[in-house]
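Everything on this sheet refers to the single structure shown next.
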2 protein chains.
Amino acid sequence: MQLSNTSQYAIRMLAYMADKKDSPLINATELAKVLQIPYKFLTKIMTELVKADLVISMRGREGGYSLSKKASDIKVDDILNVFHDSIQEEQCVLGIGFCNGMCKCALHDQWMEPKLLLQKMFRESSLEDIAGKGCKI
Amino acid sequence: MQLSNTSQYAIRMLAYMADKKDSPLINATELAKVLQIPYKFLTKIMTELVKADLVISMRGREGGYSLSKKASDIKVDDILNVFHDSIQEEQCVLGIGFCNGMCKCALHDQWMEPKLLLQKMFRESSLEDIAGKGCKI
DNA sequence: TTTAATTACTACTTTAAGGTAGTATTAAAG
DNA sequence: CTTTAATACTACCTTAAAGTAGTAATTAAA
């Protein structure tokens, strides 16, 4: 019952960038050091965020990363989607994940309320909302 | 954001046994067939449930498994605990899982409400509550 | 007492996530 | 133009979860 490491890292990376919105570009070395994320793994994740158009990258000396849009326009759920970690409509806690009209799992009804709150949390929380909140590691 | 396969299997296995409370013993072959769980993996999980005293086993011909207590006295959370899948107090969605007084993650506040509902769901749902609900696979 | 049917144990294989290493590419500074 | 500091790409390694195989132990029926 946890987000993947990759998604957790990604959210923390982008939240940090949102927090430092005055710096035009932030590089991987700084992110890895401050957030205590393995450098090479971080760059791999960042490349996926670039491909997903959540982040813009500049190569070469003085290069780095920046958010592709306003922090208030990037929701946590957008990040989870990149790593297929968002909660799908049919996703349940039993039945190896999926319930539908034909076949519902035994905890289907109990799951509804927490599921809706989780989806709400992910869909409504933007990077602006969470930037600067909490500690970095 | 999912329970492990192992926990999902375990819950479904025990819920099925609770449902068939008239049969004194239920064997692995029947469980594996009805619930569509790999036989060998199922017996491995069941052995852990026996060691955790949630299930009693009888070896030999005519052997099988039965719940160690009333279905209403086994909560879903008891099963999750066996596989260390229960939601811990300090467990959060960021920060690789743990928040505490010193260091809270950026989604700490938003996580509180869904977390409490999830814990409530797991702690208050007994096998009696979920037996017979939903389809088996 | 033998046989068949069951769980328990030990060890292995497979798969996917997490993480690392090295090289290529890019772009600004000197 | 060369150097330096950054991202991008490709390939690999590590770890833990998931799943499999074979054998030993146990029990009741035949």
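None of the values given here were measured: they were computed from a predicted structure. To find a chain, count down the sequence lines: A is the first, B the second, and so on, and within it residues start at 1.
The side-chain contact (heavy atoms from CB on, under 4.5 Å) with A:F122 is formed by just one residue from the set A:L3, A:I11, A:L117; it is A:L3.
Taking atom CE on A:M58 and atom C1' on D:dA6, their separation rounds to 10 Å, with Å as the unit. Atom CD in B:Q36 sits about 13 Å away from atom P in D:dG19, given to the nearest Å. When rounded to the nearest whole Å, the span between CZ of A:F41 and P of D:dT7 equals 17 Å. Atom pair B:K44:NZ and C:dT7:C1' shows a separation of 15 Å (rounding to whole Å applied). For the pair B:L49 CG and C:dA8 C1', the computed distance is 14 Å after rounding to whole Å. In this entry the distance linking NZ of A:K40 with C1' of D:dC9 reads 9 Å, nearest Å. The interatomic distance linking A:Q2 (CD) with C:dA17 (P) rounds to 16 Å, in whole Å. Between A:L42 atom CG and D:dA6 atom P the separation is 14 Å, expressed in whole Å.
Across all strands shown, B:S4 has heavy atoms under 4.0 Å from sugar-phosphate atoms exclusively, and none from any base. Among the protein residues, B:F83 comes within range of no part of the nucleic acid, since none of its heavy atoms lies under 4.0 Å from any strand. Across all strands shown, A:Y65 has heavy atoms under 4.0 Å from sugar-phosphate atoms exclusively, and none from any base. Counting non-hydrogen atoms under 4.0 angstrom, A:T43 reaches nothing in the nucleic acid. Residue contacts shown for A:T6 are limited to sugar-phosphate atoms, with no base heavy atom under 4.0 Å away. Within the nucleic acid shown, B:S57 comes within 4.0 Å of sugar-phosphate atoms alone, with no base atom in reach, counting heavy atoms only.
Of the two residues near DNA chain C, B:G60 and A:E62, the one whose nearest nucleotide lies more 5' is B:G60.
Distances shorter than 4.0 Å separate some side-chain N or O of A:N5 from OP1 or OP2 on C:dG19. Distances shorter than 4.0 Å separate some side-chain N or O of B:Y9 from OP1 or OP2 on D:dG19. Side-chain N/O atoms of B:K51 include one lying less than 4.0 angstrom from OP1 or OP2 on C:dC9. Contact annotation: B:Y39 reaches the phosphate of C:dT7 (side-chain N/O to OP1 or OP2, under 4.0 Å).
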Under the side chain to side chain contact (heavy atoms under 4.5 Å, CB included) rule, what do B:L31 and B:M17 come out as? Steps first, then yes or no, please. CA-CA 9 Å; B:L31 285 164; B:M17 288 166 66; 4.2 Å; yes
Please lay out, stage by stage, how B:L94 and B:W111 fare under the test side chain to side chain contact (heavy atoms under 4.5 Å, CB included). CA-CA 10 Å; B:L94 300 183; B:W111 165 244; over 6 Å; no
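B:D19 places no side-chain N or O within 3.5 Å of a backbone atom of B:A15 that could act as its donor or acceptor partner.
A donor N or O paired with an acceptor N or O is not found under 3.5 Å between the base of C:dT6 and the side-chain atoms of B:R61.
Between A:C135 and B:C103 the SG-SG gap is short of 2.5 angstrom.
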